[in-house]
Amino acid sequence: MKFKELSQVFTKLSSTTKRLEMTAILEDFFKKLKCEDIGFVVQLCMGKVFPANDPKELGIANNMMIETLAITGGVSVEDVKKLWKIHGDLGETAKYVIGKKKQVTLYSNDLTLDKVKENLYKIPDMTGKGSVEKKLKIVSELLSNADPEEALYLTRIVLGSMRTGVGEGVVRDALGKAFNVTSDDIEKAYNLCTDYSYVSETLCKNPKNISNIKLKLFSPIKVMLFKKVSSVKEGFEEVGKPAIIEVKYDGMRLQIHKLGNEVRMFTRNLDEVTRQFPDAVKYIKESIKANECIIEAEMVGFNPKTDKPEPFQQLSTRIKRKYDVDKLSKDLPVKIFCFDLLMLDKKSFLDDNFEERHNKLVSIIKPNPNIMIAKGIKTDSESDAEKLFTEGIKEQEGVMFKNLKAPYQAGSRVGFGVKLKSHMTELDLVITEAYYGKGKRRDWFGSFTLSCLDPDDGKYLSIGKLGTGFSDEQFEELTKKLKPLVMKENNEKVVLTPSVVVEVEYEEIQKSPTYDSGFALRFPRLIRFRNDKKPDEIATISDVEELA
DNA sequence: TATGTCTGCCCC
DNA sequence: ATTCTGC
DNA sequence: GCAGAATGGGCAGACATA
């Protein structure tokens with residue numbers, strides 16, 4: 001198959017924002033595909049070369065892609081960066097650069113899907129000295145054989161984001177329509193194998209066979225997510241009364257698979273982290289009294305001397321670690337707080353209700369100081385819930401509300417469970433820099449550097465960036481307001497005269513190695529503009545120190 | 001050898 | 001992670 | 001309400017370069 005055919009489908013998809021239309025376009029296309037092509041095509045539609053549970057990665061992002069475009073298009077890196085700023089998208093930039101070049105060189109339409117696959121599949125194995133150069137060349141080879149439209153999508157594929165409006169949901173529905181299977185059945189199969197290339201190949205060969213895709217030990221499944229609510233009352237409204245309310249720990253999600261003496265652990269995004277946490281493996285073997293099971297838990301880092309929880313930042317030093325793993329398990333031991341049971345001795349518990357899963361879980365965990373059931377209560381009392389929340393936000397993030405009747409369902413669904421987090425009081429800060437937006441924010445500034453005030457010398461100290469909480473209207477308004485304040489301009493950002501004051505909300509003030517103030521906000525978001533405030537009326541560095 | 005830059009369906 | 005938006 | 005697409009801080013590892 002020619003890559004051009006696929007490119008044309010992407011262009012068609014880009015022309016609409018209606019999900020039903022996208023579904024219909026993909027349905028038609030999927031029906032025409034050969035079974036040996038469909039898996040790869042489905043991945044590309046979602047902008048991922050490899051399925052999520054596959055540890056292979058390309059290791060190419062914006063900067064390497066800019067370099068590749070410069071080399072392939074015969075222009076300077078600076079020029080590509082300028083074009084990127086104008087287009088707000090490296091794919092569009094690629095289209096332009098390749099288009100310019102094709103005006104002077106001859107183009108032969110010979111790029112095939114197989115060739116694209118062949119080259120992209122070689123990339124993860126390119127490691128060691130000189131590998132960056134090799135990766136550039138192999139992407140460049142594809143771009144050289146691409147027409148402008150193909151260059152656009154090749155670039156987006158490599159960067160991992162198609163921006164066509166197609167994601168897992170649209171793929172699910174289109175596969176359903178194409179192979180006459182319900183979206184529900186497809187989603188169920190996908191949640192268990194976490195691989196739409198496999199699901200689509202299975203469907204293509206024989207749609208009936210997707211019922212053979214079952215929960216499998218040592219194969220991570222998609223996890224359940226929880227929406228946010230802002231009060232105890234709302235929490236109960238979402239999940240009903242009574243509910244189980246549990247402490248929400250500030251650590252990392254852990255999916256534990258155990259068979260006899262073999263244990264493997266996965267992150268929320270399906271990456272394996274068994275090697276990084278030998279201490280956790282030991283606790284699991286000692287304290288989980290089941291031969292075969294899949295359990296969900298939150299893992300938290302602790303200070304070995306004080307036995308107090310450490311901030312998430314500390315735990316994160318262990319997550320991707322390859323060296324000094326044993327030293328870290330002594331310096332920052334973890335504790336495991338189990339909260340759900342997905343499988344026990346060959347039986348899937350996914351369709352059992354939460355209360356039953358929880359009871360079973362309690363029965364197989366022999367608690368000790370390092371591994372236990374997440375702290376929680378079953379109650380219909382708002383004051384009891386309030387009490388646990390108050391307790392929960394002292395050392396941890398907040399609480400979860402869980403519907404006793406809910407089955408285990410991946411993704412976030414209304415009515416199954418919610419989280420209630422603490423949030424800090426707001427801060428008034430001034431905007432001192434702005435960054436050009438990408439994609440749908442291409443015409444505006446898309447994010448901003450915030451600063452607090454040092455009253456001693458009247459200088460502004462940066463304390464992090466802000467890029468969410470704005471409506472489109474607010475982006476428009478703010479961009480207009482900031483343009484006249486630009487003092488210095490470079491490719492990706494502008495430096496501004498401090499003038500515009502914003503109120504931001506955040507979860508926590510962290511120590512920061514990156515910002516002038518020495519602090520940064522965790523999960524910052526805009527609450528409102530403070531047009532009534534002048535930049536010298538904002539939070540001072542000592543205010544920030546006190547809150548930290 | 002030391003430092004800087006880039007990357008991650010990263011973790012949150 | 002949070003948030004906004006079209007459907 | 002769902003799904004998709006914008007955007008946040010900060011970490012270790014890998015590679016390039018000084």
Side-chain angles (χ1 to χ4, degrees), chain A residues 16-22 43 46-64 67 88 126-133 135 159-173 194 225 227-228 250-253 267-271 273 276 298-299 311-324 328 397 411-415 419 421 423 435 437-442 444 446-448 450 463-475 504-515 519-527:
Chain A
T16 179
T17 53
K18 295 183 168 65
R19 287 215 300 266
L20 288 175
E21 258 176 54
M22 294 186 225
Q43 284 300 130
M46 299 184 300
K48 305 293 163 192
V49 174
F50 303 105
N53 63 2
D54 188 332
K56 288 200 269 296
E57 52 193 35
L58 297 181
I60 302 174
N62 291 340
N63 286 292
M64 273 176 74
E67 181 97 31
M126 294 176 169
T127 57
K129 208 173 165 181
S131 56
V132 169
E133 193 70 29
K135 289 182 183 182
L159 295 179
S161 168
M162 293 311 290
R163 301 197 34 247
T164 55
V166 172
E168 291 178 350
V170 174
V171 162
R172 174 199 61 208
D173 294 346
T194 64
L225 300 171
K227 302 214 124 148
K228 245 180 83 161
D250 186 16
M252 67 180 283
R253 191 94 173 245
T267 68
R268 167 190 142 137
N269 289 319
L270 318 174
D271 274 339
V273 286
Q276 290 92 316
E298 187 83 5
M299 182 162 67
F312 172 77
Q313 263 177 300
Q314 289 299 309
L315 179 66
S316 75
T317 65
R318 293 194 57 183
I319 297 171
K320 298 206 84 187
R321 184 166 288 276
K322 281 174 83 169
Y323 311 106
D324 299 325
L328 263 288
E397 282 193 321
S412 55
R413 286 201 172 53
V414 162
K419 57 187 171 188
K421 294 177 58 155
H423 67 85
Y435 293 78
K438 306 280 183 293
K440 64 182 172 191
R441 296 188 193 167
R442 86 190 74 196
W444 308 315
S447 65
F448 310 89
L450 301 177
I463 189 171
K465 294 202 289 181
L466 176 68
T468 192
F470 300 84
S471 66
D472 290 357
E473 213 176 327
Q474 285 175 310
F475 274 118
V504 295
E505 190 179 62
Y506 56 93
E507 297 296 325
E508 187 182 23
I509 293 178
Q510 316 170 286
K511 283 224 160 106
S512 167
T514 10
Y515 294 105
F519 295 97
L521 309 181
R522 191 183 190 194
F523 312 143
R525 58 260 194 191
L526 177 81
I527 295 301

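Note that the coordinates shown come from a computational prediction; the quantities given were computed from them, not determined experimentally. Convention: sequence-line order gives letters A, B, ...; per-chain numbering from 1. Heavy-atom basis, side chains included; hydrogens, waters and symmetry copies ignored.
In this structure, R19(A) reaches the bases: a heavy-atom distance under 4.0 Å links it to at least one base atom across the strands shown. Residue K419(A) is classed as a sugar-phosphate contact, given heavy-atom separations below 4.0 Å to backbone atoms only. Counting non-hydrogen atoms under 4.0 angstrom, L270(A) reaches nothing in the nucleic acid. Among the atoms of the strands shown, only primed sugar atoms or phosphate atoms (P, OP1, OP2) are found under 4.0 Å from some heavy atom of L521(A). Heavy atoms of R442(A) sit nowhere under 4.0 angstrom from any nucleic acid atom. If you check every strand for non-hydrogen atoms under 4.0 Å, Y323(A) touches sugar and phosphate atoms only. The residue T164(A) sits close only to the backbone: its heavy atoms come under 4.0 Å of sugar-phosphate atoms, none of a base. Residue-level contact check: M64(A) touches the backbone only, with heavy atoms under 4.0 Å from sugar-phosphate atoms and none from bases. Residue contacts for D271(A): at a heavy-atom cut-off of 4.0 Å it reaches the sugar-phosphate backbone alone, with no base atom in range. Using a 4.0 Å heavy-atom criterion, one finds that S161(A) contacts no nucleic acid atom at all. Residue-level contact check: G411(A) touches neither bases nor backbone, having no heavy atom under 4.0 Å from any strand. Residue A520(A) is in sugar-phosphate contact alone, with no base atom involved, counting any heavy-atom pair closer than 4.0 Å across all strands shown. Across all strands, G160(A) comes closer than 4.0 Å to no nucleic acid atom at all (heavy-atom distances). Heavy atoms of R318(A) sit nowhere under 4.0 angstrom from any nucleic acid atom.
Between V132(A) and P513(A), the one whose closest nucleotide on DNA chain D sits nearer the 5' end is P513(A). Nearer the 5' end of DNA chain D, as judged by each residue's closest nucleotide, is the contact made by G437(A), out of G437(A) and G130(A).
We find the CZ-OH distance between R441(A) and Y435(A) to be 15.0 Å, quoted to the nearest 0.5 Å.
Y515(A) has its side chain within reach of K465(A): a pair of non-hydrogen atoms, C-beta onward, lies under 4.5 Å apart. With contacts defined as side-chain heavy-atom distances shorter than 4.5 Å, the pair Q474(A)/L526(A) qualifies.
With R522(A) contributing its side chain and Q510(A) its backbone, the two residues share no donor-acceptor pair below 3.5 Å. With hydrogens and angles ignored, the 3.5 Å screen pairs a side-chain donor or acceptor of K48(A) with a backbone N or O of G160(A).
The nearest whole Å value for the distance from the CZ atom in R522(A) to the C1' atom in dC12(B) is 5 Å.
The C1' atoms of dC12(B) and dC2(D) are separated by 23 Å, rounded to the nearest whole Å. Taking atom P on both dA6(D) and dC11(B), the two are 23 Å apart, rounded to the nearest angstrom. Spacing between dA1(C) and dG8(B) at atom C1', rounded to whole Å, works out to 15 Å.
For R253(A), the salt bridge (Lys or Arg N to Asp or Glu O under 4.0 Å) partners at least two apart in sequence or on another chain are E296(A). Contacts of D54(A) classified as salt bridge (Lys or Arg N to Asp or Glu O under 4.0 Å), with partners at least two apart in sequence or in another chain: K56(A). Partners of F470(A) by ring pair (Phe, Tyr, Trp, His ring centres under 6.0 Å), not counting sequence neighbours, listed by chain and number: F448(A), F475(A).
In DNA chain D, runs of at least 3 stacked Watson-Crick or G-U pairs (N1-N3 plus N6-O4 or O6-N4, or N1-O2 plus O6-N3, all under 3.5 Å) give these stems: B:1-8 with D:11-18, B:10-12 with D:8-10, C:1-7 with D:1-7.
Where DNA chain D meets chain A (any atom under 4.0 Å from a heavy atom), the bounding nucleotides read 5' to 3' are dG1(D) to dA16(D). Extent of DNA chain C lying under 4.0 Å from chain A heavy atoms, first and last nucleotide in 5' to 3' order, is dA1(C) to dC7(C).
R525(A) has a carboxylate O that lies under 4.0 Å from a charged side-chain N of E507(A), or vice versa, which qualifies the two as a salt bridge.
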